[in-house]
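One is the number of the first residue; the rest follow in order along the sequence. Atoms within a ligand are numbered from 1 in the order they appear, just like the ligands themselves.
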Amino acid sequence: MKVYVVTGGAGFIGSAVVRTLLAQGAGTVRVVDNFLTGRESNLSDIRSRVELDQSDIRDYNALAAAIRGADIVFHLAAIPSVPRSIQDPAPSHQVNIDGTFNVLRASVEAKVERVVYAASSSAYGDTEVLPKVESMPPRPQSPYAVQKLAGEYYSSVFHSCFGLETVALRFFNVYGERQDPSSPYSGVLSLFFKALIERRSPTIFGDGEQTRDFTYVEDVAALCWKAASAPGVAGKMYNAGNGHRYSLNSVWDLLQKIEGVSLRPQYGPSRVGDVRDSQADTTAARRDLGHAPQYTLEQGLRRTLAWYKSCST
Ligand code: UD1
């Protein structure tokens, strides 16, 4: 039986990866999380089935001890958010770049079979052509995008220079159960769900016609699982998206329709560093990782809304 380590495993996406591993019958699952943004409550239903190590990925010795004995590492620990990386760039630099370097270095030392790295669609920046294909040159527009891109480059170089198998997945605006809506840096859909349930107007930055490839967390977790064992993909990077794009206005309209309410959004100034449009080309992930997203936006929204409602009662 293999030993799996999930950094950031108490986070929104990390805990979904942990659940997928358990559903696949994984032997040992070790969560490494410093609870900066992760929460033990994200693991409450599966707490007895996972090992929990509260190490910080910035602390090399603690991290190396946590990774020792692992076969596969899913590296999801990060300080996310484009605006947060602009407001306060040093912590996200240290976690997202130095922390990723530590994870890769510790994985070489521990002779890990493969590291699956959570990269970001933000690396593309604004492109002239949509959908965004892996072969496009990156154009990072924020410290966060640079940091996540640096992690990709490090992953690739750890493969070519040190023989560590790595696969980088560029996550496209992931949403779903357990996404925390309590911070101003929270993902937009978590804020939309909260506003909808509280019957408040959401705030939209800009005209709301910017588009995103909103991707349901279960699809991303399934892709991570496939990336851990697919043959012939070491050192490579793939899009982890749904393959469609929706404007913020259209998603808010759909949510109002689902809930049968009418709440006009408030509009504010556009965010610095914001990308205008985002949509993944999913061809390579389908071909090489055997992945086809299972959830339409409406299905994902309905499932997620039901979950937020179950928490608010
Ligand atoms: C970016 C990345 C995404 C990554 C995420 C991590 C892109 C295209 N996507 O997401 O892959 O996982 O960082 O944090 O770069 N907005 C509002 N109102 C709000 C909050 C946000 O209108 O209350 C707007 C933003 O200005 C933006 C959109 O919603 O246009 C999405 O914002 P957000 O959810 O923060 O994610 P991105 O920055 O797109």
Side-chain angles (χ1 to χ4, degrees), residues 8 11-14 16 37 76-89 91-92 95-96 117-127 130-132 136 138-149 151-152 168-176 179-196 198 200-217 219-220 223-224 237-242 244-253 255 263-280 304:
F12 151 55
I13 307 174
T37 58
L76 288 100
I79 296 188
S81 171
V82 167
R84 186 169 182 161
S85 77
I86 295 171
Q87 215 80 50
D88 192 17
S92 63
V95 170
N96 298 345
Y117 165 65
S120 169
S121 68
S122 57
Y124 286 111
D126 285 320
T127 58
L130 293 169
K132 301 184 182 195
M136 287 176 171
R139 287 181 176 176
Q141 292 176 188
S142 62
Y144 178 73
V146 169
Q147 293 155 12
K148 280 287 164 178
L149 183 60
E152 265 181 40
L169 301 174
R170 282 189 182 170
F171 291 179
F172 278 70
N173 289 75
V174 185
Y175 72 96
Q179 189 169 24
D180 181 3
S182 66
S183 144
Y185 301 124
S186 297
V188 67
L189 289 196
S190 71
L191 298 170
F192 275 13
F193 286 117
K194 189 163 189 275
L196 189 68
E198 294 171 358
R200 282 186 296 105
S201 294
T203 301
I204 289 183
F205 301 125
D207 62 5
E209 288 305 304
Q210 67 265 51
T211 59
R212 292 291 183 272
D213 188 346
F214 291 111
T215 305
Y216 186 50
V217 67
D219 276 328
V220 169
L223 183 54
C224 287
M237 175 273 284
Y238 293 92
N239 287 340
N242 191 280
H244 301 276
R245 67 193 172 100
Y246 299 89
S247 70
L248 296 187
N249 288 329
S250 71
V251 177
W252 181 248
D253 284 347
L255 284 173
L263 294 158
R264 235 192 85 71
Q266 291 176 347
Y267 289 88
S270 296
R271 271 184 180 170
V272 176
D274 219 29
V275 167
R276 182 68 184 174
D277 295 302
S278 183
Q279 181 182 10
T304 309

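Here Asp219 pairs with nothing under the salt bridge (Lys or Arg N to Asp or Glu O under 4.0 Å) rule; sequence neighbours left out.
Note: Tyr175 and Tyr216 have tilted aromatic rings, judged against thresholds of 30 and 60 degrees for the angle between ring planes.
The Thr203 neighbourhood of ligand 1 comprises atoms 17 (C), 18 (N), 19 (C), 22 (O), 23 (O), with distances under 4.0 Å to a heavy atom of that residue. Atom numbering of ligand 1 starts at 1 in the shown order; those under 4.0 Å from a heavy atom of Asp274 are 25 (C), 26 (O), 27 (C), 30 (O). Below 4.0 Å from some heavy atom of Gly187 lie the following atoms of ligand 1, by number and element: 34 (O). Set against the non-hydrogen atoms of Ser278, the atoms of ligand 1 under 4.0 Å away are 8 (C). The Ser120 neighbourhood of ligand 1 comprises atoms 2 (C), 3 (C), 4 (C), 11 (O), with distances under 4.0 Å to a heavy atom of that residue. Proximity to Ser81 (heavy-atom distance under 4.0 Å) selects the following atoms of ligand 1: 6 (C), 14 (O). For ligand 1, the atoms sitting less than 4.0 Å from at least one non-hydrogen atom of Ser121 are 2 (C), 3 (C), 7 (C), 8 (C), 9 (N), 11 (O), numbered in the order shown with element in parentheses. For ligand 1 and Tyr144, the ligand atoms under 4.0 Å from any heavy atom of the residue are 6 (C), 13 (O).
Using a 4.0 angstrom heavy-atom cutoff, Val82 counts as in contact with ligand 1.
The parts of Ser122 lying near ligand 1 are both backbone and side chain, judged by heavy-atom distances below 4.0 Å. When non-hydrogen atoms are compared, ligand 1 lies under 4.0 Å from the backbone of Asn173 as well as from its side chain. With a 4.0 Å heavy-atom cut-off, ligand 1 is reached by the side chain of Arg212 but not by its N, CA, C or O.
Remark: the Ser85 side chain and the Gln147 side chain contain no N/O donor-acceptor pair separated by less than 3.5 Å.
Shortest contact from atom 34 (O) of ligand 1 to any protein heavy atom: Val188 N, 2.7 Å. In terms of protein heavy-atom proximity, atom 32 (O) of ligand 1 is nearest to Arg271 NH1, 3.8 Å.
For ligand 1, none of its N or O atoms has an N or O atom of Leu248 under 3.5 Å away. Considering backbone and side-chain atoms together, Val174 places no N or O closer than 3.5 Å to any N or O of ligand 1.
The backbone N or O of Asn173 sits nowhere less than 3.5 Å from a side-chain atom of Thr215 that would complete a donor-acceptor pair. With Lys132 contributing its side chain and Asp277 its backbone, the two residues share a donor-acceptor pair below 3.5 Å. With hydrogens and angles ignored, the 3.5 Å screen pairs no side-chain donor or acceptor of Asn96 with any backbone N or O of Gly151. Checking side-chain atoms of Asp213 against main-chain N and O of Ala280 turns up a donor-acceptor pair under 3.5 Å.
Among residues at least two apart or in separate chains, salt bridge (Lys or Arg N to Asp or Glu O under 4.0 Å) pairs with a member in residues 180-192 are Arg39-Asp180.
With contacts defined as side-chain heavy-atom distances shorter than 4.5 Å, the pair Gln179/Phe193 does not qualify. In this structure the side chain of Trp252 reaches within 4.5 angstrom of the side chain of Leu196, judged on heavy atoms. At a threshold of 4.5 Å between non-hydrogen side-chain atoms, the residues Leu76 and Phe171 count as touching.
One option in Phe205, Phe214, Tyr267 has a heavy atom closer to atom 17 (C) of ligand 1 than any other, and that option is Phe205.
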